[in-house]
K.L.:
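After the structure tokens below, expect a handful of questions from me.
Residue numbering restarts at 1 for every chain, and letters A, B, ... go by the order of the sequence lines. Only heavy atoms go into these numbers, but all of them, side chains included; no hydrogens, no water, no symmetry mates. Note that the structure is a prediction, hence the values are computed from the model and not measured.
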Amino acid sequence: MLDIAVIRKQPEFVKERLATRHGGDEAHINEILALDEHRRKALAEVESLKALRNKVSREIGALLGQKKLDEANAMKAETKNLGDKIAALDKQAVDAESGRDALMLRLPNLPHGSVPLGKSAEDNPEVRVHGEKPDYTFQPKSHVELCESLKLVDFARATKLSGSGFLLYTNWGAKLERALIQFMLDLHSTEHGYTEVSPPFMVGEQCLVGVGQFPKFKDQYYGVAEGDVAANLGKLYLIPTAETPVANIHREELLKVEQLPIQYCAYTPCFRGEAGAAGVGTRGMIRVHQFDKVELIKVVKPEAGYDELERMVANAERILQLMGLHYRVISLCTGDMGFGSAKTYDIEVWAPGQGSYLEVSSCSNCEDFQARRMNLRFKDADGQNKFPHILNGSGTALARLFVALVETHQQADGSVLVPEPLRPYLKTERITP
RNA sequence: GGAGAGGUGGCAGAGUGGUUUAACGCGCACGCCUGGAAAGCGUGAAUACUGUAAAAGGUAUCGGGGGUUCGAAUCCCCCCCUCUCCGCCA
């Protein structure tokens with residue numbers, strides 16, 4: 001959520017920055033300002049009435065203390081209808097506020113000044129490239145062929161169980177998936193300074209609102225059950241990413257500045273509706289309704305946000321380097337960035353069998369956009385309460401990493417060579433049928 | 001799931017309709033005092049919104065919501081959480 005104070009003070013600046021995204025959102029600024037104005041007007045009025053009521057009530061109390069019953073009763077009669085006026089104005093203020101906030105929640109973040117201007121993925125500049133496309137003395141197979149010949153994934157039976165877009169890993173496929181998860185968690189938690197956590201896979205709506213998935217993109221997620229009525233959670237949703245539970249861990253807290261930076265890594269499955277995804281990438285493992293991912297989350301002081309983003313990308317890159325994969329890092333342009341992000345780097349790994357790059361990581365600094373939505377603050381050294389920057393990045397997403405790995409390291413005989421750092425986990429050097 | 005006891009500021013703990021703008025205490029910050037400390041004395045200290053050039057000021061917050069009243073920490077209703085015991089379960 002943007003800072004209403006910034007919208008008030010610099011509405012034209014906010015509109016311009018919003019327009020560099022998909023466009024259209026800037027149109028709501030005037031409406032927000034009008035509701036905000038109305039709210040403050042009603043508030044000023046109702047609060048002075050409340051002040052009056054408090055004053056009169058004290059006076060009545062004093063009169064009763066002095067046994068001046070008549071005077072007290074006279075004053076009671078005078079203030080009798082004050083309550084109704086207050087209630088009516090209160091409602092106006094509350095209505096204006098909830099109207100304003102409903103619009104604010106649908107407003108995306110402002111892009112950081114360093115983000116390239118652009119309309120779509122085609123305008124994303126390449127930041128750097130690691131390695132080269134490998135050469136093969138044979139025609140590299142696609143992961144679908146490899147998975148079938150090596151019996152890594154049973155596509156047909158997965159469809160029987162859950163329909164298209166779901167995977168049944170088998171034998172070495174299941175082991176490879178597990179090995180990759182454990183390898184990544186170990187690396188991030190021992191060498192990169194992240195604390196490993198394992199969160200719930202279902203969360204209440206407020207967590208999705210907190211990171212910006214709700215209310216605007218509600219139809220993309222799986223609602224599964226009514227949550228505890230008790231806890232006032234509303235419906236529970238399957239998490240689309242570990243970002244949803246993990247970034248919300250400290251929601252509604254006031255952190256001490258010494259607690260920062262907070263760094264978490266977490267493995268979770270991710271569930272996505274991917275509405276209308278039929279077509280490109282439907283076959284195989286590129287786009288599925290459930291996939292595994294190791295996610296990185298940071299909560300940091302605002303002044304550290306962008307340095308930490310660079311470090312996070314480097315942490316994710318390290319995985320691909322150790323897996324011996326060729327990849328490129330791109331900087332998303334204003335028009336291609338996600339809702340909550342102020343700046344995003346994507347990492348795309350080369351998949352020889354596809355002849356294309358696959359997005360396996362997306363690292364974003366959301367600045368204080370999410371912290372505001374979840375009311376997460378910290379008390380700075382100067383005693384001020386401030387919103388921290390919250391960053392999230394995949395480190396990395398599975399399924400696609402799996403694809404790149406088997407396609408890159410496939411051999412002429414149809415086997416797949418396991419990268420050195422993964423061998424202690426998989427307990428083999430080579431995957432054969 | 002059942003029964004009971006609780007929920008008040010950083011902590012602890014009074015307060016059953018009106019000088020409570022939440023007592024007393026501990027802890028905290030600053031000042032005085034001291035050679036330095038302790039003790040003592042004094043002052044200050046929550047969060048949000050609003051307001052202002054900045055202040056001052058105003059409103060709300062005693063687990064949450066609603067109600068009664070001129071006025072609610074206090075009375076009424078609903079809900080939540082914590083603790084203890086019992087049951088059930090992996």
Side-chain angles (χ1 to χ4, degrees), chain A residues 1-10 32-105 198 200-207 209-210 225-236 248-259 368-388:
Chain A
M1 190 151 65
L2 302 181
D3 184 354
I4 184 67
V6 172
I7 298 179
R8 273 181 211 150
K9 283 180 198 150
Q10 312 178 65
I32 288 170
L33 284 171
L35 285 164
D36 184 56
E37 182 67 29
H38 185 202
R39 168 177 175 264
R40 286 192 293 164
K41 219 175 144 191
L43 212 52
E45 212 173 326
V46 75
E47 286 184 355
S48 65
L49 287 180
K50 283 181 181 173
L52 175 64
R53 182 177 66 184
N54 288 343
K55 179 167 164 280
V56 171
S57 293
R58 273 195 297 272
E59 286 169 8
I60 291 175
L63 289 173
L64 288 175
Q66 298 160 29
K67 305 284 183 209
K68 297 181 179 170
L69 293 184
D70 290 347
E71 289 177 50
N73 283 329
M75 286 188 85
K76 277 191 200 179
E78 272 179 52
T79 21
K80 187 84 176 152
N81 61 355
L82 209 51
D84 295 337
K85 283 190 199 165
I86 287 172
L89 276 168
D90 249 340
K91 188 173 184 312
Q92 279 190 37
V94 168
D95 287 350
E97 181 172 5
S98 52
R100 181 194 72 180
D101 291 347
L103 289 173
M104 298 259 292
L105 282 174
S198 180
F201 301 162
M202 291 192 276
V203 294
E205 297 186 17
Q206 87 281 11
C207 288
V209 172
E226 277 314 309
D228 238 28
V229 187
N232 212 2
L233 282 178
K235 199 178 232 183
L236 290 182
N248 276 287
I249 287 176
H250 297 286
R251 62 176 294 118
E252 289 152 45
E253 291 182 20
L254 180 62
L255 302 172
K256 296 190 173 76
V257 69
E258 304 83 55
Q259 291 177 263
D368 60 8
F369 185 83
Q370 296 179 324
R372 275 177 203 288
R373 294 168 82 99
M374 58 181 75
N375 195 24
L376 165 59
R377 296 163 300 160
F378 72 99
K379 193 174 280 291
D380 209 349
D382 58 10
Q384 296 290 304
N385 294 339
K386 295 176 182 167
F387 292 105

K.L.:
Look at all strands and tell whether A:Ala62 reaches a base, only sugar-phosphate, or nothing, counting heavy atoms closer than 4.0 Å.
P.N.:
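Answer is nothing: A:Ala62 stays at 4.0 Å or more from every strand.
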K.L.:
To the side chain of A:Leu43, which of B:U59, B:C49, B:A48 is closest?
P.N.:
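My answer, after comparing the listed nucleotides, is B:C49.
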K.L.:
In whole Å, what separates the P atom of B:A38 from that of B:C30?
P.N.:
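Rounded to whole Å, the distance is 12 Å.
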K.L.:
Taking only side-chain N and O atoms of A:Arg372, does any of them lie within less than 4.0 angstrom of OP1 or OP2 on B:A48?
P.N.:
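Negative; the distance criterion is not met.
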K.L.:
Work out how far the C1' atom of B:U74 is from that of B:U68, and round it to whole angstrom.
P.N.:
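Taking atom C1' in both B:U74 and B:U68, they lie 13 Å apart.
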K.L.:
Work out how far the C1' atom of B:A12 is from that of B:G25, and round it to whole angstrom.
P.N.:
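Going atom to atom, C1' in each nucleotide, I get 8 Å.
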K.L.:
In whole angstroms, how far is the P atom of B:G71 from the CG atom of A:Asn81?
P.N.:
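The answer, rounded to whole Å, is 11 Å.
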K.L.:
Considering only the P atoms, how many Å lie between B:G2 and B:C75, rounded to the nearest integer?
P.N.:
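It works out to 26 Å between them.
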K.L.:
Does B:G51 have OP1 or OP2 sitting under 4.0 Å from an N or O in the side chain of A:Arg40?
P.N.:
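For A:Arg40, the contact criterion (side-chain N or O under 4.0 Å from OP1 or OP2 of B:G51) is met.
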K.L.:
Does a nitrogen or oxygen in the side chain of A:Asn54 sit under 4.0 Å from OP1 or OP2 of B:U59?
P.N.:
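Yes, such a contact exists.
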K.L.:
Considering only B:U47, B:C70, B:C49, which nucleotide approaches the side chain of A:Arg377 most closely?
P.N.:
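Nucleotide nearest to A:Arg377's side chain: B:U47.
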K.L.:
What's the CG-P distance between A:Leu89 and B:U59, to the nearest Å?
P.N.:
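After rounding, the gap between these two atoms is 15 Å.
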K.L.:
Got A:Arg372 and A:Met104 here, is their nearest side-chain heavy-atom distance under 4.5 Å?
P.N.:
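A side-chain contact under 4.5 Å is absent here.
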K.L.:
Verify the contact: side-chain N or O of A:Arg53 to OP1 or OP2 of B:G71, cut-off strictly under 4.0 Å; return yes or no.
P.N.:
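For A:Arg53, the contact criterion (side-chain N or O under 4.0 Å from OP1 or OP2 of B:G71) is met.
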K.L.:
Answer whether the closest heavy-atom distance between the side chains of A:Phe378 and A:Asn385 falls below 4.5 Å.
P.N.:
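The answer is no; the side chains never approach within 4.5 Å.
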K.L.:
Starting at atom CG of A:Leu82, determine the distance to atom P of B:U69, rounded to an integer number of angstrom.
P.N.:
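After rounding, the reported distance stands at 14 Å.
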K.L.:
When the P atoms of B:G7 and B:G13 are compared, how many Å lie between them, rounded to an integer?
P.N.:
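Their P atoms lie roughly 10 Å apart.
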K.L.:
Partner of B:U21 by Watson-Crick or G-U wobble geometry, both contacts under 3.5 Å, or none?
P.N.:
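Partner of B:U21: none.
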K.L.:
A:Lys9 has an atom NZ; how far is it from atom C1' of B:A53, in whole Å?
P.N.:
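Distance, rounded to whole Å: 12 Å.
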K.L.:
Quote, to the nearest angstrom, the P distance that separates B:G9 from B:A73.
P.N.:
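To the nearest whole Å, 14 Å.
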K.L.:
Find which nucleotide of RNA chain B each of A:Ser48 and A:Leu254 is nearest to by heavy atoms, and output the residue with the more 5' nucleotide.
P.N.:
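Comparing both residues, the 5'-ward one is A:Leu254.
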K.L.:
Between B:U59, B:G71, B:U47, which one does the side chain of A:Glu47 approach most closely?
P.N.:
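Ranking B:U59, B:G71, B:U47 by closest atom to the A:Glu47 side chain puts B:U59 first.
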K.L.:
Verify the contact: side-chain N or O of A:Arg39 to OP1 or OP2 of B:C49, cut-off strictly under 4.0 Å; return yes or no.
P.N.:
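False: A:Arg39 side-chain N/O out of range (4.0 Å or more) of B:C49 OP1/OP2.
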K.L.:
In Watson-Crick or G-U wobble terms, both distances under 3.5 Å, what is the partner of B:U68?
P.N.:
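B:U68 is paired with nothing.
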K.L.:
Considering only heavy atoms from C-beta outward, does the side chain of A:Val203 approach that of A:Leu236 to under 4.5 Å?
P.N.:
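A side-chain contact is absent here, since even the closest heavy-atom pair is not under 4.5 Å.
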K.L.:
Scan every strand shown for a Watson-Crick or G-U wobble partner of B:G40, both distances under 3.5 Å, and answer none if you come up empty.
P.N.:
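With both distances under 3.5 Å, B:G40 matches B:C32.
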K.L.:
Using Watson-Crick or G-U wobble geometry with both distances under 3.5 Å, which nucleotide pairs with B:U84?
P.N.:
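Base-paired to B:A3.
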K.L.:
Checking base pairs now: Watson-Crick or wobble, both atom distances under 3.5 Å. What partners B:U61?
P.N.:
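B:A46 is the nucleotide pairing with B:U61.
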K.L.:
Closer than 4.0 angstrom, basic N to acidic O: yes or no for A:Lys41 and A:Glu45?
P.N.:
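Looking at A:Lys41 and A:Glu45, the cut-off is not met.
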K.L.:
Respond yes when some side-chain nitrogen or oxygen of A:Asn73 is under 4.0 Å from OP1 or OP2 of B:C70, and no when none is.
P.N.:
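False: A:Asn73 side-chain N/O out of range (4.0 Å or more) of B:C70 OP1/OP2.
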K.L.:
Toward the 5' end of RNA chain B, which comes first, A:Ala51 or A:Ile60, by nearest nucleotide?
P.N.:
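Per heavy-atom nearest nucleotide, the more 5' residue is A:Ala51.
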K.L.:
OP1 or OP2 of B:U47 versus the side-chain N and O atoms of A:Lys379: is any pair under 4.0 Å?
P.N.:
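Yes, A:Lys379 has a side-chain N/O under 4.0 Å of OP1/OP2 on B:U47.
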K.L.:
What is the distance, rounded to the nearest whole Å, between atom CD of A:Glu252 and atom C1' of B:A48?
P.N.:
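Rounding to the nearest Å, CD of A:Glu252 and C1' of B:A48 are 14 Å apart.
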K.L.:
Taking only Lys NZ, Arg NE, NH1 and NH2, and the carboxylate oxygens of Asp or Glu, determine whether A:Lys50 and A:Asp90 approach each other closer than 4.0 Å.
P.N.:
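A:Asp90 and A:Lys50: salt-bridged.
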K.L.:
Who is the Watson-Crick or G-U wobble partner of B:A55, with both distances under 3.5 Å?
P.N.:
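For B:A55, the partner nucleotide comes out as none, under the 3.5 Å rule.
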K.L.:
Give a yes/no answer on whether the side chain of A:Lys50 brings an N or O atom under 4.0 Å of OP1 or OP2 in B:U59.
P.N.:
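Indeed not, no polar side-chain atom of A:Lys50 lies that close.
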K.L.:
Given the C1' atoms of B:A22 and B:A46, what is the spacing between them in whole Å?
P.N.:
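Here B:A22 and B:A46 have their C1' atoms 13 Å from each other.
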K.L.:
Just wondering, do A:Val257 and A:Lys379 contact through their side chains at under 4.5 Å, heavy atoms?
P.N.:
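No; the side chains remain at least 4.5 Å from each other.
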K.L.:
Determine whether A:Glu78 and A:Val56 make a side-chain contact, defined as any pair of heavy atoms from C-beta on separated by less than 4.5 Å.
P.N.:
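When only atoms from C-beta onward are counted, A:Val56 and A:Glu78 do not touch, as no gap falls below 4.5 Å.
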K.L.:
Write down the partner of B:G10 under the Watson-Crick or G-U wobble criteria, each distance required to be under 3.5 Å.
P.N.:
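Check on B:G10: paired to B:C26, both distances under 3.5 Å.
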K.L.:
Give the intermediate values and the outcome of side chain to side chain contact (heavy atoms under 4.5 Å, CB included) for residues A:Gln92 and A:Asp95.
P.N.:
CA-CA 5 Å; A:Gln92 279 190 37; A:Asp95 287 350; 5.9 Å; no
K.L.:
Please report, rounded to the nearest Å, how far the P atom of B:G51 is from the CD atom of A:Glu37.
P.N.:
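Rounded to whole Å, this separation is 9 Å.
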K.L.:
How would you label the contact of A:Arg100 with the nucleic acid (heavy atoms, under 4.0 Å): base, sugar-phosphate, or nothing?
P.N.:
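Answer is nothing: A:Arg100 stays at 4.0 Å or more from every strand.
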K.L.:
Say you pick atom C1' in B:C11 and the same atom in B:C62; how far apart are they, in whole Å?
P.N.:
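Here B:C11 and B:C62 have their C1' atoms 16 Å from each other.
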K.L.:
Using whole Å, what does the distance between atom C1' of nucleotide B:C70 and atom CG of A:Asp84 come to?
P.N.:
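One finds 12 Å between C1' of B:C70 and CG of A:Asp84, rounded.
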K.L.:
Once you round it to whole Å, what is the distance between P of B:G71 and CG of A:Leu63?
P.N.:
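Checked: the CG to P distance equals 16 Å.
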K.L.:
Would you indicate what A:Thr79 reaches in the nucleic acid, counting non-hydrogen atoms under 4.0 angstrom: base, sugar-phosphate, or nothing?
P.N.:
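A:Thr79: backbone/sugar contact only, no base atoms under 4.0 Å.
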